[in-house]
There are 2 protein chains.
Amino acid sequence: MPAGFSVDEMKRVDEVVEKRRRIKQGELLFSSGETFTSLYAIRTGFFKTCVTSADGREQVTGFQMAGEIIGMDGIVSDRHNCNAVALEDAEVCEMPFASVEELSRELPGLQRHVHKIMSREIVRENSVMMLLGNMRAEERLAAFLLNLVQRLHARGLSQSELVLRMTREEIGSYLGLKLETVSRAFSKFSEEGIIEVKQRHVKIIAPEALKKIFNPQTYF
Amino acid sequence: MPAGFSVDEMKRVDEVVEKRRRIKQGELLFSSGETFTSLYAIRTGFFKTCVTSADGREQVTGFQMAGEIIGMDGIVSDRHNCNAVALEDAEVCEMPFASVEELSRELPGLQRHVHKIMSREIVRENSVMMLLGNMRAEERLAAFLLNLVQRLHARGLSQSELVLRMTREEIGSYLGLKLETVSRAFSKFSEEGIIEVKQRHVKIIAPEALKKIFNPQTYF
DNA sequence: GTTGTCACTTGATATGTATCAAAGACTATT
DNA sequence: AATAGTCTTTGATACATATCAAGTGACAAC
């Protein structure tokens, strides 16, 4: 994944990948409390990560797709601090963190890459905090949809059509809303002709309108 | 800060600290968009970090005190992605990130330490997401107070008394509440004899009651 | 001591989202 | 093709927090 490596270096990075692991839909890649050993690069499939409070409330902390790295929550305490659940059949590369650290001591490019991945996660969570703390339901959903298509488009998929891998409840958990509120926001967007929704199939008709909802001030 | 170094190693870690910088109350240590060069270790004082949306809404993303590291948001894009504001006169150590990376390639202990700090921030933000997404006003404030005293106590200060360095509005921004709601929650706790509040001076009378509010299920 | 400013508290009301409830739509199983 | 189960939509109502407004208290400057 990191660019700018020689053939030899690339080979060594490849060797860090210990093995591939297949995860079926609904299964856990890792769970909270489990000993941390590895980061995982998602090759195919779609995950959610979530934390659970002592009294059982669940908060989805992110949705991850092919090419993204999960497991960094485990580094601090040598135990995972969240659950990672496959939302569709998935395949990941297991990268023992000790090997990642060892090799990144030798390859500054890899080291920098690891740092950037963790920093990106911090910055992403900052913007989720902004969503949860300041935005209204429709703004949250607009931001969520725009973020999803943008990431899917970066993977060669459509800019305008997407298939949601998660339920309304999971979207709601991520956005700090109840599933009914998510459903109503979808319906509202649909009525306004901004999107077309058919179950989990979403077609974005008016991306500009979504952006306007997400961030009204930019448009006056 | 990291333990388990030899005298020589400790000396080299010390050398990474380029210079000290004093920040007056209300001033910025760094701001969003600014070029990222360094992490900062807080020696004394108290900071908030916050992000601002395009339409001017502000979200406080954290409060940081002596011994904590800020600036990791800047690594991913070589630009800072949040503002760091001193809430009281402060002194920080500037640690050029290039030097940190260089030295941590030689000292596995330092490397691990850097990784843990970033992972800790990811995990912290996960629990803030839980707060913002699932908890009610009083639960949020209870969690906030418990977290603050716990961190202050770890620095040798009282377990039960604290002086807030931030306004009700800043607490509210962090917790996704309006300042009036924060104020009402303080008053409620005070009426119930859980805390004593006198402006920014807070005395925790019944920590168990706070813990119970934060997490009702644990107590039945 | 007086004035001004800013932070905070408290009350009344408004509003957005949650909750409760029921029905409809899709998927998987048999 | 029928059935069960899950997910989703929609309506009616409840509730927590926001908003608006006024007043109080603390601190700094003069």
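Keep in mind it's a predicted model, so treat the numbers as computed, not measured.
Residues A:Ile171 and A:Leu141 meet the side-chain proximity criterion, which asks for heavy atoms closer than 4.5 Å. A 4.5 Å side-chain heavy-atom check between B:Lys203 and B:Ile195 finds every atom pair outside the cut-off.
Checked against A:Thr49 for a side chain to side chain donor-acceptor pair (under 3.5 Å), the options A:His80, A:Gln59, A:Gln64 give a single hit: A:Gln64.
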Pairwise N/O distances under 3.5 Å, protein to nucleotides 22-24 of chain D:
none

So which protein nitrogen or oxygen atoms get under 3.5 Å of nucleotides 23-28 of chain C's nitrogens or oxygens?
none

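Defining each end axis of the helix from C:dG1-D:dC30 to C:dT30-D:dA1 as the rotation carrying four pairs' C1' atoms onto the next four, with five pairs an end, the two axes are found to diverge by 50° to 10 degrees.
Every residue two or more places apart in sequence or in another chain that forms a side chain to side chain contact (heavy atoms under 4.5 Å, CB included) with A:Arg124 is listed here: A:Glu121, A:Val128, A:Tyr174. Residues that satisfy the side chain to side chain contact (heavy atoms under 4.5 Å, CB included) test with A:Arg120, not counting sequence neighbours, are A:Ile117, B:Val76. With sequence neighbours excluded, the residues satisfying side chain to side chain contact (heavy atoms under 4.5 Å, CB included) with B:Glu27 are B:Ile23, B:Lys24. By the side chain to side chain contact (heavy atoms under 4.5 Å, CB included) test, B:Arg43 pairs with B:Arg20, B:Glu91, B:Cys93, sequence neighbours left out.
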Give the table of side-chain donor-acceptor pairs shorter than 3.5 Å for residues 32-41 of chain A, with sequence neighbours excluded, one pair per line with atom names and distance.
{"from": "A:Glu34", "atom 1": "OE1", "to": "A:Ser31", "atom 2": "N", "distance (Å)": "3.4"}
{"from": "A:Glu34", "atom 1": "OE1", "to": "A:Ser31", "atom 2": "OG", "distance (Å)": "3.2"}
{"from": "A:Ser38", "atom 1": "OG", "to": "A:Glu94", "atom 2": "OE2", "distance (Å)": "3.0"}

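Applying the salt bridge (charged side-chain N to carboxylate O under 4.0 Å, His left out) test to pairs two or more places apart or on separate chains, those with a residue in residues 150-159 of chain B are B:Glu68-B:Arg151, B:Glu68-B:Arg155.
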Between B:Arg184 and B:Glu191, does a salt bridge (Lys or Arg N to Asp or Glu O under 4.0 Å) hold up when you go through it step by step? CA-CA 10 Å; B:Arg184 281 183 237 271; B:Glu191 281 162 30; over 6 Å; no
B:Lys188 vs B:Glu192, test: salt bridge (Lys or Arg N to Asp or Glu O under 4.0 Å). Steps then yes/no. CA-CA 6 Å; B:Lys188 178 116 184 290; B:Glu192 290 168 342; 3.4 Å; yes
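Listed in residue order, the members of residues 185-192 of chain B having a heavy atom less than 4.0 Å from DNA chain D come to none. Taking a 4.0 Å limit (strictly below) on heavy-atom distances, residues 160-170 of chain B reaches DNA chain C at B:Thr167, B:Arg168.
The heavy-atom pair separating B:Arg21 from B:Leu28 by the smallest distance is NH2-O, 4.1 Å. Of all heavy-atom pairs between A:Thr52 and B:Met130, the closest is C-CE, 3.8 Å.
Taking atom CD1 of residue B:Ile195 and atom P of nucleotide C:dC8, one finds them 13 Å apart after rounding to whole Å. Between the P atom of D:dG25 and the NE2 atom of B:His201 lies a distance of 17 Å, rounded to the nearest Å.
To the nearest 0.5 Å, atoms CG (A:Leu164) and CG (A:Leu148) are separated by 7.0 Å.
For B:Ser190 (side chain) and B:Phe186 (main-chain N/O), no donor-acceptor pair under 3.5 Å exists by modelled atom type.
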Nucleotides 14-19 of chain C: protein proximity per nucleotide (B base, S sugar-phosphate only, - neither; heavy atom, under 4.0 Å): ---SSB
